[in-house]
Every structure is written in structure tokens, then in C-alpha cells.
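All remarks here apply to the structure that follows.
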There are 2 protein chains.
Amino acid sequence: MKSRSSSPVRASAIRNSRRELAKNAVASDEPSSRKRNTHRRSPEIIDAAARVFAERGYHGATTQDIADVLNIRQASLYYYFPSKEVALEIVCTRGVEDFFKAAQAIATGPGTPPEKLAGLIRSHISPILDRGDFVKVFLTQRQFLPNESRRRVGKWSRQIEKIFEAVIREGMKTGDFRTDQDPRLTTLALLGMANAVASWYGNEKASIERIGGEFVSLTLHGLSGKAGRGARVR
Amino acid sequence: MKSRSSSPVRASAIRNSRRELAKNAVASDEPSSRKRNTHRRSPEIIDAAARVFAERGYHGATTQDIADVLNIRQASLYYYFPSKEVALEIVCTRGVEDFFKAAQAIATGPGTPPEKLAGLIRSHISPILDRGDFVKVFLTQRQFLPNESRRRVGKWSRQIEKIFEAVIREGMKTGDFRTDQDPRLTTLALLGMANAVASWYGNEKASIERIGGEFVSLTLHGLSGKAGRGARVR
DNA sequence: CCATTTTTCTATAGGCCTATAGATGAAATC
DNA sequence: GATTTCATCTATAGGCCTATAGAAAAATGG
């Protein structure tokens, strides 16, 4: 199923001396567009990689699997990316960059801390809707990136944590939030709760908006007490 | 670095001559047979597998990696398990069985729903302390089990969800919990929050007990409001 | 329609990985 | 002490996987 032609014919060794790098899919914006429209299918290729990485994990996925999704030959992929590791980095980056930007916008925007926190929670789970595979890969496979790119991607991750924590601290100052919770642990709790959605969304019938609402109300008011106590956010 | 020429220190290790129950890790109950004390090192072998699987993921880990931890040859592992997949199943099983039992005991035991839920949260994160690698592997690698064993392991997982959900519903009936939260989504939120601990415990300075306390109070009372409102559990 | 440029293909080297076979030595048991 | 059992070793078959080289096909633009 995998290999099609029989192999065994030996050829004399030919040392390669070529060092030509296919220019990658990462920076696709060429300002001066005198160049041709090259690597047109890059987004499609990366989508396929995300899908396969999400399903089988980075090490469990083969480049053949990705090629199968696209109906091209395994070797053809290397026209689009120079290595499987680079493909992983591209996928991870797209998995985190968007919701980092959204989080930042919310944190620096207007609103009371409870409103901001509600926005953060909602915006954190919303990319799962249309970029679920990318988010999943970012969350579960970034640990397999080579050191340098892992640090690069990890930086965004920590920024998001900082944004949550800052809003929580702000709410404690304003008196909106209880002060006997640890901001760091609370941040990790909320992110854990939100990140888990990527792993089960699709098996549950609830919509992203619905999930967001439930999580926000749980976070702000907890389970105890009667329904409707306190002002609801949004 | 990998292979060595000298055989591992064979040191006339102190033999536990009277330790008959150490039957291998899979099916440890040998009812009557006065069999010899075979596969003595099984627990150690499985510990090493858990450690390596937790660190590199199932597909990223090689049997050579496991052997290196133990200072034995790669092929020697096959005296202890018949395949890498079976090793994964053993690790996953040990990662879930304990806290399933604990959860069940708490749910069927005495206490108000808030007390029970607090107990569930605490007991769910506590195995991370001394079985972190097993829990991690169960949470993140069980998807790579072959169908049959994945279903077997998944069954436990769903049981735990049911236990949480039942306690939440019970609390809604008694009036201890708000009734405008969805029990299913709340369950998934709490489990996501608790499971995430496995991924960052060890990088944070907080103890398991501390984390449990924070999570319980966040879950029951939420972030809003003044500190100390309402009865604290435990 | 020809020349370029872009995209995909065939073929395969070279490496690593799981799992099996059988040998070897050490321990336990008789 | 002889025999049996246990644990580990050496060696390797047999597969699969990434990545490279270079040819072929398809698209583009004059």
C-alpha cells in the first residue's frame, strides 16, 4: 500500500554538492511582487500537515500520510518545506499566533476585569472552531520541536499566561475578584480548562459559544449558590 | 553513548529470596500456583517505559531509549513485554486505575455534594505526585493504543467523567449547586483543569495540596466576590 | 508556439526501529 | 553437583521513513 515500485537497483554514489533551499511557506508576503506567484499550494499543504499531526501526533505521522491526504507523492512535499520539523513549526506557529493577538487586544482594551476575563476565556477557545487541528498540534506537539523553534513558540505561550494573570491581579486590586486565590494557579486552572476543549470539541454537541458561556459563569461565580446570584457578565 | 562494551554491573545483588508476590505487572494475581518468583524486575521495567513514554511520547520513544534507562540491551526488554504496544497499555492502565478507584470511593461515600466534589478534585490530582509519568502517559498517549486496549482504557476514563457528573447533579438537586450550569460541560471543565496539572506540576513551586485547595475554592466559589464568602469546604 | 518557471514525479541512499532466534551465564532447586 | 529455570546477551532480518537528485510534466508569459 505504501511503496509502489520495487527497489533493488544500485547506483553509483553521487555526492551531492547542491545546497539549494526551497524558499519556505512561512514568510509568504513578498512586498515587491515582481516575483511570480510561487508555492501557491502552501496553505493547503500546511493544512494537510496540521490534520495529520493532530490525528497521529508528530512522531506517529509520516510524510507519506501527509502526501496521501493531498494525493501527491511523498517526495513532492519537500518542494514546500525543507523538513518535517519545519512543517511542525509552521503548524504550531499558526496554532498560537491568532489567539495570542486576540488575547492581547482584549487585555489592553476597555472593560472591567470580569468583562476582560470573560473575553479572554471566550477568545481562547474560539480558534478551536476553525483552526482546531492547528491548536491541537500547538498544544500537544510543540514539545517535539527542536530547541530553537520550541523556545520561539513557547514564548507566545508564556505571554498568554501573563495576560491572564495580569487581568486576574487587576481584578483583585479593583475588588472585583477575591484576593485569596493565587493568580498564577488560577491562570493555570483556567488555561487548562480552556485548552482541554480542543481535545473533546466535536465529540460533544455544545457550540463554542455555549461552552464559553458555561466556562465564564463557572469561573466567575463557581458552582455554589443559587442560580442568578450576582451580576452576570455579558 | 548508547552501547557499551562491558556488561552492566552484575553485582551479586541482594536477592529478595522471600518475595513471592512480585509477579509481573500485567496480571499479578496468581491464585494458587507455587510458581517461582519470575520477572522480578517488571515494575522497574514498566517504570522506565513510563518515564520514557512521558518524556518523548509513545512514537517518539524507542525501545532502545527504555533499555538505556535500565542499562540493559534493547532486545532484553522483550523478556518482560511482548511488544511496545503492550508496554504502553500497561503504563496507561496503571495511570488511570488508581484514581478511578479513589473517585469511586469518594462518590459512594458520605458527605455533602460540595464535600464530595472537593474530594474528587483533590483525589484526581493527587496521583500526579508519585505516578506523574503514568498519569501523563495515560492522558496524552492512550490514543495510540490499538483499538481493543484503547477501548478498555477509555472505559475507565468515561467512568470517571460519570462520577463527577453524578456528584454535580446531586448537588443541584440538594440545592448546593447552581442549576444553570450544564453538568456535562462543567465536568469537562473540571477535568480539563485537573488534568492539566500533570503537564506543569514540577515547573511550578506549589504543592499538590495547595493546588487542590485553590482548585476547590475556585470551583465552588468562583473568582467574583469578597474573600471568605460562604462556607469553605475543608 | 517557444522559453521559462513552477510543480510533481521516479528512484533510491542511508538510517533507524521493532521483534525474533539462539547462545550464554548465573541462580535456584533437587 | 547436576539439572532446570531465569535473565540477559549477540546478531540480524525485515520494514519503514526521511530526505536528496534529477527528470518530466504542467503552467505561464511573451
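Chain A is the first sequence line, chain B the second, and so forth, proteins listed ahead of strands; every chain is numbered from 1. Side chains are part of it too, since the values below use all heavy atoms of this structure and drop only hydrogens, waters and symmetry mates.
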The residue among B/Arg142, B/Gln141, B/Glu148 that forms side chain to side chain contact (heavy atoms under 4.5 Å, CB included) with B/Leu145 is B/Arg142

At under 4.0 Å, does any side-chain N or O of [X] touch on OP1 or OP2 of [N]?
{"X": "A/Arg73", "N": "C/dT12", "value": "no"}
{"X": "B/Thr63", "N": "C/dT18", "value": "yes"}
{"X": "B/Ser83", "N": "C/dT18", "value": "no"}
{"X": "A/Ser76", "N": "C/dC9", "value": "yes"}
{"X": "B/Arg40", "N": "D/dC6", "value": "no"}
{"X": "A/Tyr79", "N": "C/dC9", "value": "no"}
{"X": "B/Tyr78", "N": "D/dA7", "value": "no"}
{"X": "A/Arg41", "N": "C/dT6", "value": "no"}

Can you check nucleotides 2-5 of chain C for protein contacts, nitrogen or oxygen pairs under 3.5 Å, and list what you find?
none

To the nearest angstrom, how far is B/Arg56 atom CZ from C/dC17 atom C1'?
-> 14 Å

Ionic contact status for A/Glu161 with A/Arg184, cut-off 4.0 Å | yes

Do B/His59 and A/Tyr58 have ring centres separated by under 6.0 Å?
-> no

I'd like a table of donor-acceptor pairs (distance under 3.5 Å, sequence neighbours excluded) in which one partner is a side-chain atom from residues 123-130 of chain A, with atom names and distances.
residue  : atom : partner  : partner atom : Å
A/Ser123 : OG   : A/Leu120 : O            : 3.4
A/His124 : NE2  : A/Asn195 : OD1          : 2.7
A/Ser126 : OG   : A/Ser123 : O            : 3.4

